[in-house]
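In this text the structure is predicted, and so the values were computed from the model without any measurement.
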Amino acid sequence: MRNDVLDIAKRRGFFWQAFEIYGGLGGFYDYGPLGTALKENIIAAWRKHFVIKEGLAEIDSPNLTPREVFEASGHLDEFADFLTKCTRCGAVFRVDELTGATPGDVESARTMLREGGAKCSECGGELSDPVEFNLMFRTYAGAGMEREVYLRPETAQGIFVNFLNYYRYFREKLPFGVAQVGKGFRNEISPRKGLLRQREFNMAEIEVFLDPDEKVWGDFRDVEDEVLTLLTRGGEEHTLTAREALERGIVCAEPLLYFMARTKRFLVDLGIDEEKIRFRQHPEEELAHYSSDCWDCEVRISYGWIEVVGIADRTAFDLSRHMEHSGVDLRAFRRYSAPVKRKVRKIVPNMKTLGPMFRNRAAEVAAALERADPSSVDPSGRIAVKVENELIVVPPEGFTVEEMEEEVTGERIVPHVIEPSFGIDRILYALMEHAYYTRPDSGYRVLRFRPSIAPIKAAVLPLMAKDGLDNVAMEIHTLLRNAGIRCYYDDSGSIGRRYARADEIGVPFAVTVDYQTLEDGTVTVRERDSTEQVRVRKEELPAILKGLVEETLCFGDVKGV
RNA sequence: GCGGGUGUAGUCUAGUGGUAGGACAGGGGCUUCCCAAGCCUCUAGCCCGGGUUCGAAUCCCGGCACCCGCACCA
């Protein structure tokens, strides 16, 4: 079955190994005409399900990202490393942790490891030769190559670093969500399994920013009846509704569960087999460095259960780290429902005396005084403040301590992030496997794409390429294309062969011009899976096909003449 | 990255040192032909690079790619 799908993928133009004429390059694929169209249709469906329905802001940030971003995100520390493995127990270690120094290349890593005489700290076994483990592609920006940049391993950072822009865009109110469709790059050690593990891949990510004390998103009632199969960290398997999962505390964060249910609905809507979808919670040790809880949506295909969507609670990790590293305040303001009044003692600088006393540093001293704690005024009435690492003692006449009433309207908080991250290529491949079947009578191959997802919507076929049937069919072909329907004309070989060719790439409808067309202007429309036909007037064809393709009209409801 | 396997037209495959063959797919034709019918015809291939040999798809070495397992998978 897998081979049939891969055969169709290559032969008919869905996808194939890239750079083949130069021997190929592992982990890189081309999408051909049909694959590109299919991918676009999947993304369009994703937009409908998430961007539009959830009211997200879709954005587009660069693939190349400066080093600093990944220093902050932790990707550099965690993944640009030399690793060694215990040959006895299989435990994995970082060379820099074992030797206390960071090696520059594999050779020096090996030397350091051997000279240090390091052994496995778990079982004392011998360690393997180190392996370079840098999953990010590095390059340089600028003529002088002065900026080190990396191809992003996820699109998420492009959203986090712009948090303030999106916060402003959403008029400074939580919660809000930002989405991005784009490419991610990971220099996988061994890319495998075709589209499933590429070095350059398509992803669609959502970052939802929430108040940590009020982690809710969407209307849970919309999804509460959705039945989910859940594999918990503890090894239990449950099949229950989202409501039950929430009430029994199987998934702790409500928005996580909400997006899990929405994800399932999206996949089923695409044509993924509902019976072959499950959610698996990451065990502690599998969690990424940034997430506190994560559920993978897995789909069963010929390769087994594969992850197609990851739904993670990234907590305040990313924003906190970018705050530390950039020095920019990335907090949101949580407004209290009513302002809180409170009495405070404050130091008020007296500029009249501070000015002559400190001259050009007076402003800094005043600022330091305002930040200082009134209780640190010493018994003699003086206070010491730090200005540019210098301790300055300000005499009593330089300030007053005043008691005043202050109105506090809110506080600053670091939002938490819920991240549903979709692997578009994996979804596309899984969809192809799930859509594939062979006709029981003939064994002919069919892709059962629903009309809105199918890359090509209609085939226009003259029964015979003569007697003027071909001309009429070509006219209809033009008519349909002008109506915005993606279709093709085919007159080669027998009519049966042409139906089979169309079925193999999942064309849902075939329009056939026959001898009766010449008499009364009607054509037949054939539905792919049932192979049933209905005869309609050719003038009505664009409207009927548009309805069928947009799924506002069912094939069974098409009125024949 | 390690171990095992595999690379022959678009796809599947025959060919174990001596002229690369087939099937399917594809193109052109014939046949009033609605589910890959038949017939004629054409296109198209030894993964790449070295070596051994008079001669390599075949043997050897290296590389690349794919598959399976391990490891890795933010």
> Between A:Arg233 and A:Asp293, does at least one N-O distance fall below 4.0 Å, as a salt bridge requires?
Replying inline: yes

Over all atoms of both residues, closest heavy-atom pair of [X] and [Y]:
| X | Y | value |
| --- | --- | --- |
| A:Trp217 | A:Pro255 | CB-CB, 4.1 Å |
| A:Leu553 | A:Ile544 | CD2-O, 3.7 Å |
| A:Tyr29 | A:Gly194 | OH-CA, 3.1 Å |

[atom1] of [X] versus [atom2] of [N]: gap in Å, rounded?
| X | N | atom1 | atom2 | answer |
| --- | --- | --- | --- | --- |
| A:Arg526 | B:C34 | CZ | P | 14 Å |
| A:Asp7 | B:A9 | CG | P | 13 Å |
| A:Leu447 | B:A36 | CG | P | 18 Å |
| A:Phe160 | B:A74 | CZ | C1' | 12 Å |
| A:Glu20 | B:G7 | CD | C1' | 12 Å |
| A:Arg445 | B:C12 | CZ | C1' | 10 Å |

>> Donor-acceptor pair, distance only, cut-off 3.5 Å: does the side chain of A:Glu205 make one with the backbone of A:Thr155?
In response: yes

> Counting distance only, does the side-chain N/O of A:Arg152 pair as donor-acceptor with the main-chain N or O of A:Ser61 below 3.5 Å?
Replying inline: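 Yes.
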
>> Would you say A:Lys10 places a side-chain N or O within less than 4.0 Å of OP1 or OP2 belonging to B:G10?
In response: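 Result: no.
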
>> Using salt bridge (charged side-chain N to carboxylate O under 4.0 Å, His left out), reason through A:Asp503 and A:Arg445 one step at a time and then give a plain yes or no.
In response: CA-CA 7 Å; A:Asp503 292 345; A:Arg445 314 197 286 195; over 6 Å; no

>> Using a 4.0 Å heavy-atom cut-off to protein, can you give one letter per nucleotide of nucleotides 24-31 of chain B, 5' to 3': B if the base is in contact, S if only the sugar-phosphate is, - if neither?
In response: -SSS---S

Quick one: does [X] reach the base of [N] with a side-chain donor-acceptor pair under 3.5 Å?
| X | N | result |
| --- | --- | --- |
| A:Arg197 | B:C72 | yes |
| A:Ser442 | B:A36 | no |
| A:Tyr499 | B:C34 | yes |
| A:Glu307 | B:C73 | no |

Is [X] touching bases, backbone alone, or none of the nucleic acid, heavy atoms closer than 4.0 Å?
| X | value |
| --- | --- |
| A:Glu154 | nothing |
| A:Asn3 | nothing |
| A:Arg498 | nothing |

Polar atom pairs between nucleotides 65-68 of chain B and protein, under 3.5 Å, N or O only, would you list them?
from  : atom 1 : to       : atom 2 : distance (Å)
B:A65 : OP1    : A:Gly26  : N      : 3.1
B:A65 : O4'    : A:Gly23  : O      : 3.4
B:C66 : OP1    : A:Gln17  : OE1    : 3.4
B:C67 : OP1    : A:Lys193 : N      : 3.3
B:C67 : OP1    : A:Gly194 : N      : 3.2
B:C68 : OP1    : A:Arg2   : NH1    : 3.1
B:C68 : N4     : A:Arg192 : NH2    : 3.0

>> Counting neighbours of CZ on A:Arg439 that are heavy atoms of other residues, nucleotides or ligands and sit closer than 6.0 Å, is the number greater than 12?
In response: yes

> Which nucleotide in the list B:G10, B:U32, B:A74 gets nearest to the side chain of A:Met136?
Replying inline: B:A74

>> I want to confirm an ordering. Mapping A:Ser494 and A:Glu188 to their closest nucleotides on RNA chain B, which one lands closer to the 5' end?
In response: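 So the residue in question is A:Ser494.
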
>> Against the six-membered ring of A:Tyr499, is A:Arg526 placed for a cation-pi contact (under 6.0 Å from the centre, within 45° of the normal)?
In response: yes

> What distance, rounded to whole Å, do you find between the two P atoms, one in B:G22 and one in B:A44?
Replying inline: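 Between the two P atoms, the distance is 14 Å.
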
> Does A:Phe137 have any ring-ring contact (aromatic ring centres under 6.0 Å, His included) partners at least two apart in sequence or in another chain, and if so, which?
Replying inline: none

